[in-house]
Amino acid sequence: GYGNFPGGCHMVPNHCLIIVALLWGEGDFDKSMTIVNTCGYDTDCNSGNVGCLLGIRNGLAAFAGKHDWRGPVADRMVLPTADGGRCITNALTEAGHLVNAGRALAGLEPWKPKHGARFHFSLPGSVQGFKAHPMPQEAGEARIENVAGGKDRGERSLAITYTTKTNQQPIRVGTATFFQSKDSKDNGYAMKASPTLYPGQTIRARLLGDADNAQPVTARLFVRHFTTDNALAILQGPTTKITGENAVELQWKLPGVGGQPIAEVGVELLPDQAGKGVVHLDWLDWNGEPDVVFEPPADGGDMWKQAWTDATDANRKDRLPRTVVQNLGRGLVIQGTHEWRDYEVSVSMKVHMAQATGLAARVQGMMRYYALLIRPDTSSLSLVKMFNGVETELASQTCDFAIERPYTLALRCEGSTITASLDRQRLFEVVDDALSCGAVAMIAQEGHASFQAVTVRPAASTPDTK
């Protein structure tokens, strides 16, 4: 027991219980879960390890017992790291990353089903986090299922099967782009994540009807975003009619949502009449750069604060200006994803007392980014590249910075050209192709700085500062 070992949850008794469950469970997932959980101790970690090993041993068949182990989880995963845009994910997406890492090492082209769509449902049983929204019992029901391909659907698709008892009853299926407020509370395992979808990006999806559908169905994309008191509000895109087996492609450039994080994306179906039907979601994707201002939303709520991945010693995030403090080394407050490529990020900030502070672009975690840094102790401004933990100065010049005076910093990334500006005057333009994409961040290094709203715009829509 734990009483014989130091610490809270020692690995020796935990490892013992994992072995007990594997031996006495005899390869049966249901039986092994019963054993490892009723043994007590560190049940979440122990059952997770047993489940992982049985999945490796038996494949998907491991989960095909009397209990539905996969359905409630719906492939959803969270990966809390400094690369917050990778946190909200799913089992098929991560399987793809692992496969493509191996293919890259072997010199092979990456695996990109359906032209690289984010949600492609290409492996048996995969639903990639999608769930059907509950419907009132008197209105009908809907369910989703990964099915083998048919006419123009590729190898597999997500079948949305519905029965409606009233006219124009909406059927919605969606997947998370950010966590819910109840999931983000700090109970000793604080979640660090950024949303995966932002205003300004274009959502696309391909849907197909079914030959047995008796009536046409109207389809549209939707998102849900946070609002007052952290409730979720729905925003819907333009509609398209699906008749019979016809295929349609939906496209929607996401408008602004008042600074609130987007929590879910999905498809809404509106049957013309009550009855039964099936619509296949072949794929769903989004691309493009964000067009967004990160500031406190006018309608309240506090999930906008959680959207920043905080890797600093202190970060007062309840209002602007945002105070960022790092005692030793360099701290970053990050938001965004790897999909962001050609954009301009800008912020108005004040230096208080710090070795360095500034703004970063194309951030890929703590060890890869471009940064424009104010260095008060050397009276200089530097454009640097951090690549795999090694910092290289790309350009610098002498500047006399005044403590407590506001400065506007901007970094414009377009292709391999990185342009840095101070108070809307271009200072540096360098060419570097080490980092082609990534998030944005506020930086404090051994000191204290404060930041106003951070603005991110597509490079194509922002004038090049002269």
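Side chains are part of it too, since the values below use all heavy atoms of this structure and drop only hydrogens, waters and symmetry mates.
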Problem set entry | Distance-minimising heavy-atom pair for Ile242 and Ala219 | CD1-CB, 3.9 Å

Exercise. Is any side-chain heavy atom of Val363 closer than 4.5 Å to a side-chain heavy atom of Leu332?
Worked result: yes

Exercise. Do Glu145 and Arg143 touch side chain to side chain, with heavy atoms closer than 4.5 Å?
Worked result: yes

Problem set entry | Stepwise side-chain contact (heavy atoms from CB on, under 4.5 Å) test for Leu422 and Leu409 | CA-CA 5 Å; Leu422 176 67; Leu409 304 184; 3.4 Å; yes

For this session: Would you kindly say whether Glu339 and Asn287 are connected by a side-chain donor-acceptor distance under 3.5 Å?
Result: no

Exercise. Does Asp210 use its side chain to pair, donor to acceptor, with the backbone of Asp212 at less than 3.5 Å?
Worked result: yes

Problem set entry | Derivation of the salt bridge (Lys or Arg N to Asp or Glu O under 4.0 Å) call for Glu295 and Arg322 | CA-CA 10 Å; Glu295 60 184 347; Arg322 179 187 293 262; over 6 Å; no

Problem set entry | Sub-4.5 Å side-chain heavy-atom contact between Thr419 and Arg426 | yes

Exercise. Considering residues, nucleotides and ligands other than Glu249, do more than 12 of their heavy atoms fall under 6.0 Å from its CD?
Worked result: yes

Exercise. Thr243 and Asn246: side-chain hydrogen bond (donor to acceptor under 3.5 Å, both in side chains), yes or no, with the steps?
Worked result: CA-CA 6 Å; Thr243 305; Asn246 291 344; 4.9 Å; no

Exercise. Can Asn315 and Trp308 be counted as having a side-chain donor-acceptor contact under 3.5 angstrom?
Worked result: no

Problem set entry | Short side-chain to backbone donor-acceptor contact, Lys253 and Gln201, under 3.5 Å | no

Exercise. Can you tell me how far the CG atom of Asn146 sits from the OG atom of Ser126, to the nearest 0.5 Å?
Worked result: 4.5 Å

Problem set entry | Gly300 backbone acceptor or donor facing Thr228 side chain under 3.5 Å | no

Exercise. If we ignore angles and hydrogens, is there a donor and acceptor under 3.5 Å between the side chains of Asp272 and Gln215?
Worked result: no

Exercise. Given side chains that start at C-beta, do those of Tyr370 and Phe387 come closer than 4.5 Å, heavy atoms only?
Worked result: no

Exercise. What about the rings of Phe119 and Trp283, do their centers lie closer together than 6.0 Å?
Worked result: no

Problem set entry | Side chains of Arg86 and Glu94 in contact at under 4.5 Å (non-hydrogen atoms) | yes

Problem set entry | Residue pair Val347 / Ala453: nearest heavy atoms and the distance that separates them | CG2-O, 3.6 Å

Exercise. Just wondering, are more than 12 heavy atoms of other shown residues or ligands nearer than 6.0 Å to NZ in Lys276?
Worked result: no

Exercise. Given Trp304 and Phe226, is the ring pair (Phe, Tyr, Trp, His ring centres under 6.0 Å) satisfied, shown in steps?
Worked result: CA-CA 8 Å; Trp304 65 277; Phe226 286 99; over 10 Å; no

Exercise. Is there a side-chain contact (heavy atoms from CB on, under 4.5 Å) between Asn230 and Asp302 once you walk through the steps?
Worked result: CA-CA 7 Å; Asn230 297 334; Asp302 60 11; 2.7 Å; yes

For this session: Find the distance between NZ (Lys192) and CG (Asp83) and round it off to the nearest 0.5 Å.
Result: 15.0 Å

Exercise. More than 12 foreign heavy atoms under 6.0 Å from NZ of Lys241: is that the case here?
Worked result: yes

Problem set entry | Evaluation steps, side-chain contact (heavy atoms from CB on, under 4.5 Å), between Val384 and Leu394 | CA-CA 5 Å; Val384 304; Leu394 302 177; 5.9 Å; no

Problem set entry | Pairwise side-chain contact, Asp291 with Tyr343, heavy-atom cut-off 4.5 Å (strictly under) | no

Exercise. Distance from Arg412 atom CZ to Leu372 atom CG, nearest 0.5 Å?
Worked result: 15.0 Å

For this session: Output the distance between atom CE (Met442) and atom CG (Leu359), rounded to the nearest 0.5 Å.
Result: 9.0 Å

Seminar exercise, completed: Gln169 and Pro136 have their tightest heavy-atom pair at NE2-CD, 4.2 Å

For this session: Decide whether Lys350 and Ser450 meet the rule of one side-chain donor and one side-chain acceptor closer than 3.5 Å.
Result: no

Exercise. Do the side-chain N and O atoms of Thr43 and Asn46 include a donor-acceptor pair separated by under 3.5 angstrom?
Worked result: no

Exercise. Do Gln260 and Asp299 come close enough that some side-chain heavy atom pair is under 4.5 Å?
Worked result: yes

For this session: Take Asn90 and Gln128, measure what side-chain hydrogen bond (donor to acceptor under 3.5 Å, both in side chains) needs, and give me the verdict at the end.
Result: CA-CA 5 Å; Asn90 62 84; Gln128 294 197 261; 3.3 Å; yes

Problem set entry | Spacing of CG belonging to Asp342 relative to CD belonging to Glu414, to within rounding of 0.5 Å | 5.5 Å

Exercise. Does Thr164 use its side chain to pair, donor to acceptor, with the backbone of Gly275 at less than 3.5 Å?
Worked result: yes

Exercise. Taking all atoms of both residues into account, what is the closest heavy-atom pair of Ala205 and Leu281, and its distance?
Worked result: CB-CD1, 4.2 Å

For this session: Output, in order, the C-alpha distance, side-chain angles, deciding distance and verdict of salt bridge (Lys or Arg N to Asp or Glu O under 4.0 Å) for Lys66 and Asp30.
Result: CA-CA 8 Å; Lys66 61 183 179 182; Asp30 292 353; 5.6 Å; no

Problem set entry | Non-hydrogen atoms of Ile334 and Ala439 that approach each other most closely | CG2-CB, 3.9 Å

Problem set entry | Heavy-atom donor-acceptor pair, Asp313 side chain to Gln326 backbone, under 3.5 Å | no

Problem set entry | Step-by-step side-chain hydrogen bond (donor to acceptor under 3.5 Å, both in side chains) determination, Ser436 to Arg341 | CA-CA 6 Å; Ser436 62; Arg341 290 185 175 274; 3.2 Å; yes

Exercise. Salt-bridged, Asp432 to Lys385, with N to O below 4.0 Å?
Worked result: yes

Exercise. Glu268: what forms a salt bridge (Lys or Arg N to Asp or Glu O under 4.0 Å) with it, not counting sequence neighbours?
Worked result: Arg172, Arg220

Exercise. Cation over ring, Arg204 on Trp286, under 6.0 Å and within 45°?
Worked result: no

Exercise. Do the ring centers of Phe121 and Phe130 come within less than 6.0 Å of each other?
Worked result: yes

For this session: Keeping the roles fixed (side chain from Gln306, backbone from Met303), state whether a donor-acceptor pair exists under 3.5 Å.
Result: no

Problem set entry | salt bridge (Lys or Arg N to Asp or Glu O under 4.0 Å) partners of Asp28, counting only residues at least two apart | none

Exercise. Would Trp111 and His120 count as a close aromatic pair, with their ring centres under 6.0 Å?
Worked result: yes

For this session: Kindly compute the distance separating CE (Met33) from NE2 (His67), expressed to the nearest 0.5 Å.
Result: 11.5 Å

Exercise. Is a side-chain donor or acceptor of Asn58 paired with a backbone partner of Gly27 at a separation under 3.5 angstrom?
Worked result: yes

Exercise. Got a donor-acceptor contact below 3.5 angstrom from the Thr177 side chain to the Ile262 backbone?
Worked result: yes

For this session: Determine the minimum heavy-atom distance between Cys437 and His338, stating which atoms define it.
Result: CB-O, 2.9 Å

For this session: Using a 4.5 Å cut-off on heavy atoms from C-beta on, say whether the side chain of Asp68 contacts that of Phe63.
Result: no

